[in-house]
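For reference, the structure discussed in these notes is given below.
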Amino acid sequence: MEAVGETYFFRQPDHFQFLHDALCRERPARVSAWSAGCATGEEAYSLAATVLAALPGAEVEVLGTDLLERSLLAARAASYGAWSLRPAGPLLFPLLLEGAPGAPRVAERVRRVTRFEQGDLRGPPPGGPFDLIFCRNVLLYFAPDEAVRAAALLASALAPGGLLVFGPLDLPAPPPGLRREGRAELQIFRRVQAVQLKPHSTSTQDRARPPPEPPTAIHRRALALLEASQLSAAQALLEELRRSEPHYLPGLLELGLLLSRRGLRRRAAELLREVLQRADASDPEQLVDAPEPLPARFFAAAARAFLERKAQ
């Protein structure tokens, strides 16, 4: 197996900023974190530096695991060059590095709370439960069924209320029992707190309800109905998706196009104008969660093309 070499400090900095802000709000006394598929260690050290910056007095433990021992040897050495310090990965928290600028080394305080072990994401998790798990830009290299199983194993190692962070292309939908946090393109999920039943209660109202179906899963079911030419059933499902997830942009676009196809052009135009307004208000390169994640500019272009054709 070849190593994935695309890693550097604070890659996808929005993830680390989100984590830093969340920890500052919640102020836990202890944090256990896992960098799953840590490669040569930059992500694990970035994670440790972020937690230490947010929680100076907390007890912190960060575990990095990777399948390749040669990557772990580099991680334990903790010495890095220009490849790990690229401008795309700004050093958000300056306590990460020490030493001369030409030969930086991970700061002793960060090394002290970080350890590395060999591990395969297709096998049982290395202990836990963890308050934070980062597994980014790893599962996209797995076969789809393997990625789903690995994600379920990761979720099983997450403590109640803990955060699990994926890369933007790792998964089509979150594992069951997790709730999305922050912007959709961040792919950050929190384990839903366990529901406490009332003492001696047997009422079905007091039982924990199953987690809601992710919008991308409902969207896929609608696409399958469209492929089977079951337009009424697909419309009903997309209308239901709009009611439950009114900000899910791909569902709005899909419903608008279907309504146009069925001759309901006024309603279709209203939905496509809403899609255009929301997409134009977003970063054009921001990935939008969908069965196939696409940048916001795609949705803006699709809606604009429809509306311009209608105006002709």
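Start at 1 with the first residue, then count along the sequence. We use all heavy atoms of the structure for the numbers below, so side chains are in, but hydrogens, waters and symmetry mates are not.
- In this structure, R191 contributes its side chain and A155 its backbone to a donor-acceptor pair below 3.5 Å.
- For the pair E285 and R297, the salt-bridge criterion is met [side-chain N within less than 4.0 Å of a carboxylate O].
- At a threshold of 4.0 Å, the pair R149-D145 counts as salt-bridged, since one of the basic side-chain nitrogens sits closer than that to a carboxylate oxygen.
- Using a distance-only test at 3.5 Å, with no hydrogens or angles considered, no donor-acceptor pair links the side chain of D131 to the main chain of A33.
- Side-chain contact between Y8 and Y80 is absent, with no heavy atoms from C-beta onward closer than 4.5 Å.
- Here the side chains of P124 and L153 are not in contact, with every heavy-atom distance at 4.5 Å or above.
- Q17 CD to T50 OG1: the interatomic distance, rounded to the nearest 0.5 Å, is 8.5 Å.
- No side-chain heavy atom of L154 sits under 4.5 Å from any side-chain heavy atom of P125.
- Comment: E43 engages R136 in a salt bridge, judged by a side-chain N to carboxylate O separation of less than 4.0 angstrom.
- With ring centers used as reference points, Y248 lies under 6.0 Å from H219.
- A heavy-atom distance below 4.5 Å is found between the side chains of E181 and R179.
- Enclosure of atom CD in E146 by more than 12 non-hydrogen atoms of other residues, nucleotides or ligands within 6.0 angstrom is indicated.
- Side-chain contact between D170 and F142 is absent, with no heavy atoms from C-beta onward closer than 4.5 Å.
- Taking the side-chain hydrogen bond (donor to acceptor under 3.5 Å, both in side chains) definition, one finds that R221 meets it with E213, sequence neighbours left out.
- Within the 4.5 Å cutoff, no side-chain heavy atoms of R115 are placed close to those of V62.
- A donor-acceptor contact shorter than 3.5 Å is absent between the side chain of T65 and the backbone of G119.
- Residues passing the side-chain hydrogen bond (donor to acceptor under 3.5 Å, both in side chains) test with Q286, sequence neighbours excluded: E185.
- Side-chain contact check for R262 and S232: at least one donor-acceptor pair (N or O, by modelled atom type) lies under 3.5 Å.
- In this structure, F134 has its ring center at least 6.0 angstrom away from the ring center of F166.
- In this structure, the side chain of S282 engages the main chain of R278 through a donor-acceptor pair within 3.5 Å.
- Using a 4.5 Å heavy-atom cutoff, the side chains of L67 and R122 are in contact.
- Between L163 and I133 the shortest side-chain heavy-atom distance does not fall below 4.5 Å.
- With L255 as the partner, the side chain to side chain contact (heavy atoms under 4.5 Å, CB included) test is satisfied by one option alone out of L238, V275, L272: L238.
- Remark: side-chain polar atoms of S260 are not paired, donor with acceptor, to backbone N or O of L257 under 3.5 angstrom.
- Comment: E108 engages R112 in a salt bridge, judged by a side-chain N to carboxylate O separation of less than 4.0 angstrom.
- Using a 4.0 Å cut-off between charged nitrogen and carboxylate oxygen, D289 and R180 count as a salt-bridge pair.
- A donor-acceptor pair shorter than 3.5 Å cannot be found between the side chains of S71 and E69.
- Ring centroid separation for the pair F116 and Y45 comes in under the 6.0 Å cut-off.
- For the pair H15 (side chain) and L186 (backbone), a donor-acceptor distance under 3.5 Å is present.
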